[in-house]
A.B. asks: 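Input: one structure, supplied below.
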2 protein chains.
Amino acid sequence: MEVFDAIQTMLAVRAYADRPIPPDTVQRIVEAGWLTGSSMNLQPWHFVVVQERETLRKLGALARSGPYTADAALAIVVAIDKESRFGVSDASRAIQSMMLAAWAEGVGSNWVGFHGLDAVKPLLGIPDSFDVFAIIPFGYPAQPVGKGKKKRKALGEVASGERFGTPFSG
Amino acid sequence: MEVFDAIQTMLAVRAYADRPIPPDTVQRIVEAGWLTGSSMNLQPWHFVVVQERETLRKLGALARSGPYTADAALAIVVAIDKESRFGVSDASRAIQSMMLAAWAEGVGSNWVGFHGLDAVKPLLGIPDSFDVFAIIPFGYPAQPVGKGKKKRKALGEVASGERFGTPFSG
């Protein structure tokens with residue numbers, strides 16, 4: 001899938017089909033995060049790739065805003081080095097890369113966070129030097145996914161040409 | 001360009017050819033930011049799309065870490081609503097989308113930030129209710145861009161399988 005098409009069509013998917021994600025697709029999703037650029041190339045992130053059902057269920061129970069993680073084929077828990085200055089920004093870029101790479105292969109996802117994720121640390125053995133930043137559950141959508149217009153503010157409301165307040169008109 | 005290919009090959013570009021970016025490409029770059037998902041769909045961002053040389057020069061003079069902005073064909077200044085709780089994360093996702101959308105059409109970019117950008121506000125008329133988060137200069141690369149291996153930590157160092165510390169092996 002072309003990059004712009006992926007960005008234009010990607011929707012949050014919170015209900016997953018009972019269907020595994022092929023290993024090479026999982027690999028590309030993980031590599032998409034790994035290969036993402038970061039401030040000063042510090043890569044202040046760690047990705048825990050969870051595919052065992054029992055662990056997915058426990059993640060779903062812990063993630064208040066994402067109980068559907070229990071039904072995902074895959075979840076990637078993203079942790080940030082506490083010492084990193086731009087960890088939130090860097091990890092957000094990596095997450096966007098992973099979600100787009102998945103979407104390009106028909107795999108939906110959603111961002112589950114941001115807070116109350118400390119309980120995930122003992123479950124996955126994440127050391128104290130990291131913060132758990134997000135859980136991203138992935139899976140093929142349970143229902144066909146539409147490609148309709150997204151609910152967004154008008155383009156001219158969020159984009160200006162040359163100066164703030166002059167609506168961008170392309 | 002395929003999504004994974006874009007993620008895999010995208011490099012920071014800091015030297016730009018003296019060549020304009022076609023309007024439809026500029027439009028897609030801006031739309032890529034606009035269409036990106038955000039926490040609770042709040043879209044707490046504003047994109048100021050700068051193409052006037054004089055303003056690009058002034059941005060280059062203000063951005064300590066990105067003087068090369070002066071030579072870019074385009075710069076997008078990303079501002080965040082100060083009231084937003086997840087603005088840094090949301091805007092980082094939008095920036096990743098814009099950089100990937102540009103790269104897919106042969107346009108390079110780099111992230112210039114993070115701090116000392118307050119002086120940009122009067123230049124672009126950005127109101128006090130926003131923080132200037134980043135300047136992203138865009139342009140066709142001045143030199144051919146390699147597609148070599150990126151400098152990254154080993155995959156197993158930043159990605160674990162099932163539990164932190166068990167290197168992910170695909």
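Below, read A as the first sequence line, B as the second, and so on, with proteins coming before strands; counting in each chain starts at 1. Only heavy atoms go into these numbers, but all of them, side chains included; no hydrogens, no water, no symmetry mates.
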A.B. asks: Between A:Glu52, A:Glu31, A:Met10, A:Gln51, who has the most heavy-atom pairs with chain B when the cutoff is under 4.5 Å?
C.D. replies: A:Glu52

A.B. asks: Between B:Phe130 and A:Phe164, is the ring centroid distance below 6.0 Å?
C.D. replies: yes

A.B. asks: Centre-to-centre under 6.0 Å for A:Trp34 and B:Phe168, is that the case here?
C.D. replies: no

A.B. asks: Given that the side chain runs from C-beta out, which part of A:Leu42 has a heavy atom under 4.5 Å from chain B: side chain, backbone, both or neither?
C.D. replies: backbone

A.B. asks: Does the pair B:Glu54/B:Arg57 count as a salt bridge with the N-to-O cut at 4.0 Å?
C.D. replies: yes

A.B. asks: Given heavy-atom pairs under 4.5 angstrom as the criterion, report whether the side chain, backbone, both or neither of A:Ala102 touches chain B.
C.D. replies: neither

A.B. asks: Taking atom types as modelled and ignoring hydrogens, do the side chains of A:Ser92 and B:Ser92 form a donor-acceptor contact shorter than 3.5 angstrom?
C.D. replies: no

A.B. asks: Would you mind telling me which of B:Glu2, B:Arg152, B:Lys153 has the largest number of heavy-atom pairs within less than 4.5 Å of chain A?
C.D. replies: B:Arg152

A.B. asks: Chain A: which of B:Gln96, B:His46, B:Gln27, B:Arg163 shares the most heavy-atom pairs with it under 4.5 Å?
C.D. replies: B:His46

A.B. asks: With a 4.5 angstrom heavy-atom cut-off, which part of A:Ile76 approaches chain B: side chain, backbone, both or neither?
C.D. replies: neither

A.B. asks: Verify whether one side chain among A:Thr36 and A:Ser97 offers a donor that lies under 3.5 Å from an acceptor in the other.
C.D. replies: yes

A.B. asks: Out of B:Ile95, B:Ile126, B:Asp5, return the one with the most heavy atom pairs under 4.5 angstrom to chain A.
C.D. replies: B:Ile126

A.B. asks: When you compare the side chains of A:Trp103 and A:Ser109, does any donor N or O come within less than 3.5 Å of an acceptor on the partner?
C.D. replies: no

A.B. asks: Could you check which of B:Met99, B:Glu162, B:Gln43 has the highest count of heavy-atom pairs closer than 4.5 Å to chain A?
C.D. replies: B:Glu162

A.B. asks: Which is it for B:Asp81 and B:Trp45 under the side-chain contact (heavy atoms from CB on, under 4.5 Å) test, yes or no, and what are the steps along the way?
C.D. replies: CA-CA 6 Å; B:Asp81 184 336; B:Trp45 45 49; over 6 Å; no

A.B. asks: Name the region of A:Thr55, side chain, backbone, both or neither, that has any atom closer than 4.5 Å to a heavy atom of chain B.
C.D. replies: side chain

A.B. asks: For the residue pair A:Tyr16 and A:Tyr68, does the interplanar ring angle fall in the parallel (under 30°), tilted (30 to 60°) or perpendicular (over 60°) class?
C.D. replies: tilted

A.B. asks: Using a 4.5 angstrom heavy-atom cutoff, name the option from A:Gly33, A:Pro127, A:Ala12, A:Ala91 with the most pairs to chain B.
C.D. replies: A:Pro127

A.B. asks: Heavy-atom pairs under 4.5 Å with chain A: which of B:Ile29, B:Val77, B:Val48, B:Leu100 has the most?
C.D. replies: B:Val48

A.B. asks: If you count heavy-atom pairs under 4.5 Å between each of B:Ala32, B:Gly161, B:Ala6, B:Pro23 and chain A, which one has the most?
C.D. replies: B:Ala32

A.B. asks: For A:Lys151, is it the side chain, the backbone, both or neither that has a heavy atom under 4.5 Å from a heavy atom of chain B?
C.D. replies: both

A.B. asks: Determine whether the side chains of B:Glu105 and B:Thr25 contain a donor N or O and an acceptor N or O closer than 3.5 Å.
C.D. replies: yes

